[in-house]
Q: 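I have a structure here, written as structure tokens, and I will follow up with some questions on it.
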Amino acid sequence: MALSSIIVQTKKEHIENVISSLKNSGLCEYHMNDEKGKIIITVEGKGVEEEISKLQKIQKIENVISAEMVYSYDEDELDKLRENIDDKIPEWMNSDIDAKNIIYQGDLKKKY
């Protein structure tokens with residue numbers, strides 16, 4: 001499953017109509033908006049391709065000036081990445097370490 005957030009921009013005089021169109025489209029879930037015409041929605045799909053298809057349909061809704069994907073999460077992609085790194089993580093990073101026992105050897109804002 002993939003999940004993406006989209007920012008939709010419209011003119012403030014069209015905001016209520018665009019929100020209504022988005023809610024009734026079956027393409028997305030409405031979350032919030034501001035008074036200037038920005039609307040935040042999310043779309044779900046089996047993959048990024050389905051999300052992009054939904055995005056393109058949203059972009060064609062009347063009075064939508066722009067609709068851009070700003071965040072995308074793909075559960076399957078994350079699982080594949082985890083498989084690739086699990087064997088590369090040092091064992092000590094997965095153990096319980098008290099943060100008070102970590103000695104920092106770096107330089108914070110040139111204090112030293």
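Predicted model only: the values in this text are computed from it and were never measured.
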Q: Does the side chain of Val48 come within less than 4.5 Å of Ser72's, by heavy atoms?
A: yes
Q: Are the side chains of Ile6 and Val70 in contact, using a 4.5 Å heavy-atom criterion?
A: no
Q: Could you report the tightest heavy-atom contact between Val64 and Ile58, atom names first, then the distance?
A: CG2-O, 3.8 Å
Q: Return the OG1 to NE2 distance between Thr42 and His31, rounded to the nearest 0.5 Å.
A: 3.0 Å
Q: May I ask whether Leu27 and Tyr30 are part of the same hydrophobic cluster, defined by side-chain heavy atoms of I, L, V, M, F, W, Y residues being less than 4.5 angstrom apart, directly or through others?
A: yes
Q: With side chains defined as the heavy atoms from C-beta onward, is the minimum distance between Lys12 and Lys36 less than 4.5 Å?
A: no
Q: Using the rule that two of Ile, Leu, Val, Met, Phe, Trp, Tyr join whenever any of their side-chain heavy atoms come within less than 4.5 Å, decide whether Val8 and Ile52 are in one cluster.
A: yes
Q: Quick one: which residue pairs count as a salt bridge (charged side-chain N to carboxylate O under 4.0 Å, His left out) with a foot in residues 49-72, not counting sequence neighbours?
A: Glu50-Lys54
Q: Any side-chain to backbone donor/acceptor pair from Thr10 onto Ile15? Under 3.5 Å, distance only.
A: no
Q: If two hydrophobic side chains count as joined below 4.5 Å and joins carry through other members, does Ile40 share a cluster with Ile61?
A: no
Q: Mind checking whether Ile39 and Met69 sit in one hydrophobic cluster, side chains of I, L, V, M, F, W, Y counted as touching below 4.5 Å?
A: yes
Q: Quick one: OH on Tyr73 to OG on Ser4, what's the gap to the nearest 0.5 Å?
A: 11.5 Å
Q: Taking only residues two or more places apart in sequence, or in another chain, which ones meet Ser20 in a side chain to side chain donor-acceptor pair (under 3.5 Å)?
A: Asn24
